[in-house]
Amino acid sequence: DGRAALVEARIVARKTDGTKGAVYLLSGGFRRTGGVVTQIGATAALVSLEDDATYAAAFDIAGTTVRVRVTGIVNDTVDWRSRILTVSAP
């Protein structure tokens, strides 16, 4: 408890036939107090580029876990890859 963290997510999406793609760089601040995780301010979408505006990536919180959520297109098969960097202070 009492931690604060910077989470950076680098995300790449590619439709398996190669006709669509997307890239994202998200940065967010989070803190945990009393067992509750809260986002500090809003997510900074430093890069958000996509061939189709339906694609999306965002942070969310599930219980005590910060997650990266991605959205594709119905009936498209999409490969998603990410690299997550977390820096925290006690």
Side-chain angles (χ1 to χ4, degrees):
D1 246 6
R3 283 192 181 272
L6 168 68
V7 180
E8 181 181 274
R10 295 170 185 241
I11 305 152
V12 177
R14 180 186 168 275
K15 186 175 175 190
T16 54
D17 69 4
T19 59
K20 295 179 186 171
V23 295
Y24 304 94
L25 174 55
L26 306 178
S27 184
F30 299 87
R31 64 179 167 77
R32 184 175 63 207
T33 305
V36 177
V37 176
T38 305
Q39 187 163 9
I40 300 168
T43 298
L46 304 173
V47 176
S48 181
L49 304 169
E50 58 244 331
D51 286 322
D52 189 307
T54 306
Y55 285 37
F59 289 120
D60 77 358
I61 299 168
T64 58
T65 304
V66 176
R67 305 184 302 183
V68 175
R69 303 276 312 242
V70 295
T71 304
I73 300 172
V74 174
N75 297 321
D76 279 4
T77 303
V78 179
D79 288 325
W80 294 89
R81 299 287 186 266
S82 67
R83 178 163 292 182
I84 310 299
L85 169 69
T86 304
V87 179
S88 63

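Everything numeric here is computed off the predicted structure, so don't read it as measured data.
Every residue two or more places apart in sequence or in another chain that forms a ring-ring contact (aromatic ring centres under 6.0 Å, His included) with F59 is listed here: F30. Considering only residues two or more places apart in sequence or on other chains, E50 meets the side chain to side chain contact (heavy atoms under 4.5 Å, CB included) condition with A22, Y24, S48, Y55. Here T65 pairs with R67 under the side chain to side chain contact (heavy atoms under 4.5 Å, CB included) rule; sequence neighbours left out.
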For this session: Decide side-chain contact (heavy atoms from CB on, under 4.5 Å) for I11 and L26; before the verdict, give the C-alpha distance in whole Å, the side-chain angles of both, and the deciding distance to 0.1 Å.
Result: CA-CA 8 Å; I11 305 152; L26 306 178; 4.0 Å; yes

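Taking OG1 from T19 and CZ from R14, the interatomic distance works out to 8.5 Å, rounded to the nearest 0.5 Å. In this structure, R10 CZ and R83 CZ are separated by 8.5 Å, a value rounded to the nearest 0.5 Å. Summarising the geometry, atom CZ belonging to R31 is positioned 6.5 Å from atom CD1 belonging to I40; distances are rounded to the nearest 0.5 Å.
Among all heavy-atom pairs drawn from G35 and T64, the shortest one is O-CG2, 3.4 Å. The two atoms that bring S27 and L46 nearest to each other are CB-CD1, 4.1 Å, heavy atoms only. Considering all non-hydrogen atoms of both residues, I61 and Q39 come closest at CD1-N, 3.8 Å. Taking all atoms of both residues into account, the shortest heavy-atom contact from A13 to V78 is CB-CG1, 3.8 Å. Pairing each heavy atom of I84 with each of V68, the nearest pair is CD1-CG2, 3.8 Å.
Taking hydrophobic clusters as Ile, Leu, Val, Met, Phe, Trp and Tyr residues chained together by side-chain heavy-atom distances below 4.5 Å, W80 does not share a cluster with V23. Under a hydrophobic-cluster definition in which Ile, Leu, Val, Met, Phe, Trp and Tyr are linked whenever side-chain heavy atoms come within less than 4.5 Å, directly or via other members, V12 and L25 are assigned to the same cluster.
Looking at heavy atoms from C-beta onward, T38 lies out of side-chain contact with T33 at the 4.5 angstrom threshold.
K20 pairs with exactly one of D52, D51, D79 by the salt bridge (Lys or Arg N to Asp or Glu O under 4.0 Å) rule, that one being D52.
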